[in-house]
Amino acid sequence: PDGDHVYAASPFEPAVASFAFDAFDDGLDYLTRVLQEPYPIPFLSLIHLNLAVLPDSTQLLVSNSFEGTLSVFDRNFSNGALTLDSTLHDGSGVRSMRGAQGVVASPDGKHVYAMGSEGSLISAFARDVASGVLSLLSTSGGYGEDPRANAPTYRRAAMSPDGLFLYEARFRDDAIASYQRDAATGALTASAGVTSTGVPDLFRPTDVVVSPDGTSLYSIGGLQPNGSMLAFVRDVGTGALTHQQTLRPGVDGVSGLSFPQAIAVSPDGQFVYVASRGSEGIGVFRRLLDGHLEFVISYFDTPAPGDVFDGIDFASAIAISPDGRFVYVFGTELVWMQRSAATGELSLPQRIAAG
């Protein structure tokens, strides 16, 4: 959040790479990596390594679906270096680490939530703001298949700006789950129910995001050649969601939604960006005053000579810098682009490749 460093995770090493923002050329300088002991990876396994930075920028949280762990790293403000503080393993009550799919920190930094391999499995942790130490509060849900034997489902979550509601994309259930958070205790309770009834287009959601003003929620899904993007009106008081709009490829000029994987909203709330693995591209959408979206442009990694957006193939993660000036996309490489605040469009990318 302080805007000085970027961290990228690679599950197959497994490692977290650190980069410093270079104000001189608006680029990234590679620093180093934190490498975990390698583990044997079964054939065709789908492994997730997800990152979350605490709001005060002091710590980085890393969830590992294959190992079933949540690691806490202390971050050096000056050089961005990461130092392992502690690792929570699945077992001994910390059940959601098994097949851990996502991790979310509350805006006040007091609580951390981890999602396991099953759609109902969530563990809540209390975080000591001074030391960063995590303590298990509660775990809800139950086990299902062994995530090492079967590819775990996608589970991403986002918290409302006021920290009072947590929304989770349930891939297997074709739904978005809503939870109300007690800011004092960190407890989660099902609030507005599961948003699936009456929303036939909500199919295999892979990611979810809440707008900065808290009035809209956007979800992507399908994980198929013709994916979809859904807009919901959000009641800031009750957290309830009302389906507002569905966008599909080929309708109203929309493109870049083939196997959509990740979604992000610009800090000013004016534009929404989608990274799609199948399209090997980025879709840009303008957000209107009522929360509706209109398509702006898509960028693709084409195999043609002179391809200027080379490097965004298999795009699976996307993030926007806190000042809104840059968009970062991770696929087979880490790519970053300058962003126009007025049009939402992106400049020619720079990239970092392994090695």
May I ask you to decide if [Y]'s main-chain N or O and [X]'s side chain share a donor-acceptor pair within less than 3.5 Å?
| X | Y | result |
| --- | --- | --- |
| D174 | R204 | yes |
| S340 | E345 | no |
| S57 | D2 | yes |
| T246 | D201 | no |

Are [X] and [Y] connected in the hydrophobic side-chain network, where two residues link if heavy atoms are under 4.5 Å apart?
| X | Y | result |
| --- | --- | --- |
| Y273 | Y299 | yes |
| I263 | I282 | no |
| Y328 | F330 | yes |
| I220 | I318 | no |
| L88 | V103 | yes |

For the atom pair [atom1] ([X]) and [atom2] ([Y]), what is the distance rounded to the nearest 0.5 Å?
| X | Y | atom1 | atom2 | result |
| --- | --- | --- | --- | --- |
| D29 | F24 | CG | CZ | 11.0 Å |
| M159 | L164 | CE | CG | 9.0 Å |
| L28 | H5 | CG | NE2 | 10.5 Å |
| S276 | F300 | OG | CZ | 8.5 Å |
| D213 | D268 | CG | CG | 10.5 Å |
| Q180 | T238 | CD | OG1 | 8.5 Å |

Check against side-chain contact (heavy atoms from CB on, under 4.5 Å), E168 and V104
CA-CA 10 Å; E168 179 196 1; V104 177; over 6 Å; no
Criterion side-chain contact (heavy atoms from CB on, under 4.5 Å) on L166 and R181, from CA distance to verdict
CA-CA 7 Å; L166 179 73; R181 170 180 173 261; 5.8 Å; no
Does the side chain of [Y] come within less than 4.5 Å of [X]'s, by heavy atoms?
| X | Y | result |
| --- | --- | --- |
| I352 | W336 | yes |
| L54 | R75 | no |
| F203 | S228 | no |
| P55 | P1 | no |
| L202 | I176 | yes |
| R339 | V327 | yes |
| D4 | F21 | no |
| L137 | H111 | yes |

Show the nearest heavy-atom pair for residues [X] and [Y], with the distance to one decimal.
| X | Y | answer |
| --- | --- | --- |
| A177 | R170 | CB-NE, 3.5 Å |
| A169 | P205 | CB-CB, 4.0 Å |
| G80 | S18 | O-OG, 4.2 Å |
| G237 | F165 | O-CZ, 3.6 Å |
| D207 | S219 | O-OG, 3.3 Å |
| M115 | A157 | CE-CB, 3.4 Å |

Test side chain to side chain donor-acceptor pair (under 3.5 Å) applied to S258 - qualifying residues, sequence neighbours left out:
none
Taking only residues two or more places apart in sequence or in another chain, which ones pass side chain to side chain donor-acceptor pair (under 3.5 Å) with T58?
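D56, R127.
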So does D252 have more than 12 non-hydrogen atoms from other groups sitting under 6.0 Å from CG?
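For D252, atom CG is not crowded (no more than 12 foreign heavy atoms under 6.0 Å).
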Would you find more than 12 non-hydrogen atoms of other residues, nucleotides or ligands less than 6.0 Å from F314 atom CZ?
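It does not: F314 CZ has 12 such atoms or fewer within range.
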Between Y113 and Y179, does the ring-ring contact (aromatic ring centres under 6.0 Å, His included) criterion hold? Intermediate values first, please.
CA-CA 12 Å; Y113 303 91; Y179 302 90; 9.1 Å; no
List the steps, then state whether side-chain contact (heavy atoms from CB on, under 4.5 Å) holds for Q338 with R325.
CA-CA 6 Å; Q338 284 193 322; R325 295 177 56 204; 4.2 Å; yes
When R234, H292, Q245, R287 are each screened for side-chain contact (heavy atoms from CB on, under 4.5 Å) with S216, the one that passes is R287
Looking at D301 and R351, does any basic side-chain N land under 4.0 Å from a carboxylate oxygen?
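Salt bridge between D301 and R351, a charged N being under 4.0 Å from a carboxylate O: no.
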Test L217 against V208 for side-chain contact (heavy atoms from CB on, under 4.5 Å), laying out the working first.
CA-CA 7 Å; L217 179 141; V208 63; 3.5 Å; yes
